[in-house]
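In what follows, chains carry the letters A, B, and so on, assigned in the order in which the sequence lines appear, proteins first and then strands, with residues in each chain numbered from 1.
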There are 2 protein chains.
Amino acid sequence: MPTDIPTDLDDEIAVLLRRAEQRYTTGRRRLVAALHNGEGPLTLGQIMAAEPTLPQSSVYRNLTILEEVGIVTRIVTNGDFARYELAENLTEHHHHLICTNCGDVADFSLSGRVESTLDRALAESARTAGFTPTAHRLDLLGTCADCG
Amino acid sequence: MPTDIPTDLDDEIAVLLRRAEQRYTTGRRRLVAALHNGEGPLTLGQIMAAEPTLPQSSVYRNLTILEEVGIVTRIVTNGDFARYELAENLTEHHHHLICTNCGDVADFSLSGRVESTLDRALAESARTAGFTPTAHRLDLLGTCADCG
DNA sequence: ACCAATAATGAGAATCATTTCCAAAAGTCC
DNA sequence: GGACTTTTGGAAATGATTCTCATTATTGGT
């Protein structure tokens, strides 16, 4: 479980934090590492399992700060707790497979062709509604491989 | 504010409830009416504003029951509270415009052509991941007309 | 319509993920 | 190194949602 972050990702995060006058402390780096290591967005419990010595209150606080700075995205799928992942600026545009049985969430991507068809259609719908879009979010609900 | 439900919708809901050995009481009908009247998914507060005499605990309890029966869908966009709307079986397939400023949620739809392009692409992604899809969920995030 | 049996209601208490407090520890800058 | 500012961590507070349980409504049989 080497909590490693690629150097360029680490640097990018350092810049974002500095720009917001926030420090890139050891605890925050370990938190980022846990998110980077996980496949798909993680619950608080999963983060704490990966980094058991980080205190809960600090994890919550830092997740909030990292979200404000644009390093972390908080998502609420449907269950009782939130999940956190690195923001798309720092990773790649992707979507989520949400298992309605066990609650687990995995990532997937669509082809660029489908994405742009979608983006065009969404832009059109937004314009009609006088809505200024900044991002979209697409989830597929169903049963994951483990839940058969 | 005539809390009216179209007869066929009302009948359909009655059938779903009876099938689940649940009663279609006055309180539940008023709850359904509030959801039907609202444009877009409503928070508990918005429901209570529309039907101030319904007690909170009953609203919560009935929302849960109606969700289990497949009459209501609970969605959590990102804020601190859940929102509720009539299930798609009873309405029409649609998506949500989520204002990241004021938190309000409005409905919109895509053309059948875009929807089927999307469905095909999603089915393919799901198969690759060994995932059995049952539905998809697509949100557009941004700023609503009111928030300029 | 009336009765017994069963399900739903309502007011408040309990739950639990998340936030907040604040004194102690760490980082920053000169 | 020292003063200053930010972060930390443990524990207490918050607040949306859920549960409890005595009371009330609804149903089906007669």
Extract from the structure each pairing of a protein N or O with an N or O of nucleotides 2-4 of chain D at less than 3.5 Å, listing the distance.
none

Check the interface with nucleotides 23-30 of chain C: list each N/O to N/O pair with the protein under 3.5 Å, or write none.
none

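The CG atom of Leu54(A) sits 16 Å away from the P atom of dT7(D) (whole-angstrom rounding). Rounded to an integer number of Å, the gap from CZ of Arg28(B) to C1' of dT24(D) is 14 Å. Nucleotide dA7(C) holds its P atom 15 Å from the CG atom of Leu17(B), rounded to whole Å. For the pair Arg30(A) CZ and dT7(D) P, the computed distance is 17 Å after rounding to whole Å. One interatomic measurement links the two molecules: CD of Glu21(B) to P of dA7(C), which rounds to 8 Å at whole-angstrom precision. Residue Glu68(B) contributes atom CD, which lies 16 Å from atom P of dT17(D) at whole-angstrom precision. Between the CE atom of Met48(B) and the P atom of dT17(D) there is a distance of 12 Å, rounded to whole Å.
Between Arg74(B) and Glu67(B) there is no salt bridge, since no side-chain nitrogen of the basic residue lies less than 4.0 Å from a carboxylate oxygen of the acidic one.
At a threshold of 4.0 angstrom between heavy atoms, the contacts of Arg18(B) with the nucleic acid are absent. Among the protein residues, Gln56(A) comes within range of the nucleic acid bases, having at least one heavy atom under 4.0 Å from a base atom.
Side-chain atoms of Gln46(B) come within 3.5 Å of backbone atoms of Thr43(B) as a donor-acceptor pair (strictly under, hydrogens ignored). Counting only distance, with no hydrogens or angles, the side chain of Asn62(B) and the backbone of Ser58(B) share a donor-acceptor pair below 3.5 Å. Thr143(B) places no side-chain N or O within 3.5 Å of a backbone atom of Gly148(B) that could act as its donor or acceptor partner. With hydrogens and angles ignored, the 3.5 Å screen pairs a side-chain donor or acceptor of Glu88(B) with a backbone N or O of His94(B). Side-chain atoms of Glu124(B) never come within 3.5 Å of backbone atoms of Ala121(B) as a donor-acceptor pair (strictly under, hydrogens ignored).
Contact annotation: Gln22(A) does not reach the phosphate of dT6(D) (side-chain N/O to OP1 or OP2, under 4.0 Å).
Using modelled atom types, one finds no donor on one side chain facing an acceptor on the other under 3.5 Å when comparing Glu85(B) with His36(B).
Closest to the side chain of Ser57(B), out of dG12(C), dT18(C), dT17(D), is dG12(C). The side chain of Ser58(A) sits closest to dT8(D) out of dA8(C), dA11(C), dT8(D). Which of dG10(C), dT17(D), dG9(D) sits closest to the side chain of Leu44(B) comes down to dT17(D).
By the criterion of side-chain heavy atoms lying less than 4.5 angstrom apart, applied directly or through intervening Ile, Leu, Val, Met, Phe, Trp or Tyr residues, Val69(B) is grouped together with Leu9(B) in one hydrophobic cluster. There is a path of hydrophobic side-chain contacts, each under 4.5 Å, that joins Leu17(A) to Tyr60(A). Residues Ile75(A) and Ile75(B) fall into different hydrophobic clusters, defined by Ile, Leu, Val, Met, Phe, Trp and Tyr side chains chained together at heavy-atom separations under 4.5 Å. Both Ile5(A) and Val59(A) belong to a common hydrophobic cluster when Ile, Leu, Val, Met, Phe, Trp and Tyr are linked at side-chain heavy-atom distances under 4.5 angstrom.
Scored by the side-chain contact (heavy atoms from CB on, under 4.5 Å) test, Phe108(A) finds His95(A), Leu97(A), Leu110(A), Leu140(A), Leu122(B), Ser125(B) as partners (sequence neighbours excluded).
Using a 4.0 Å cut-off on heavy atoms, the residues of residues 59-67 of chain B that approach DNA chain C are Arg61(B), Asn62(B), listed by number.
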Per-pair distances, 0.1 Å, donor-acceptor, side chain in residues 129-138 of chain B, under 3.5 Å, sequence neighbours excluded:
{"unit_1": "Thr134(B)", "atom_1": "OG1", "unit_2": "Leu141(A)", "atom_2": "O", "d": "3.2"}
{"unit_1": "His136(B)", "atom_1": "ND1", "unit_2": "Asp119(B)", "atom_2": "OD1", "d": "3.2"}
{"unit_1": "His136(B)", "atom_1": "NE2", "unit_2": "His93(B)", "atom_2": "NE2", "d": "3.2"}
{"unit_1": "His136(B)", "atom_1": "NE2", "unit_2": "Glu115(B)", "atom_2": "OE1", "d": "3.2"}
{"unit_1": "Arg137(B)", "atom_1": "NE", "unit_2": "Asp139(A)", "atom_2": "OD2", "d": "3.3"}
{"unit_1": "Arg137(B)", "atom_1": "NH1", "unit_2": "Thr77(A)", "atom_2": "O", "d": "3.4"}
{"unit_1": "Arg137(B)", "atom_1": "NH2", "unit_2": "Thr77(A)", "atom_2": "O", "d": "3.2"}
{"unit_1": "Arg137(B)", "atom_1": "NH2", "unit_2": "Asp139(A)", "atom_2": "OD2", "d": "3.1"}

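When the local axes at the two ends of the helix from dA1(C)-dT30(D) to dC30(C)-dG1(D) are compared, using 5 base pairs at each end, they differ in direction by 50° after rounding to 10°.
The side-chain tip of Arg29(A) points at the ring of Tyr24(A) from less than 6.0 angstrom away and within 45° of straight on.
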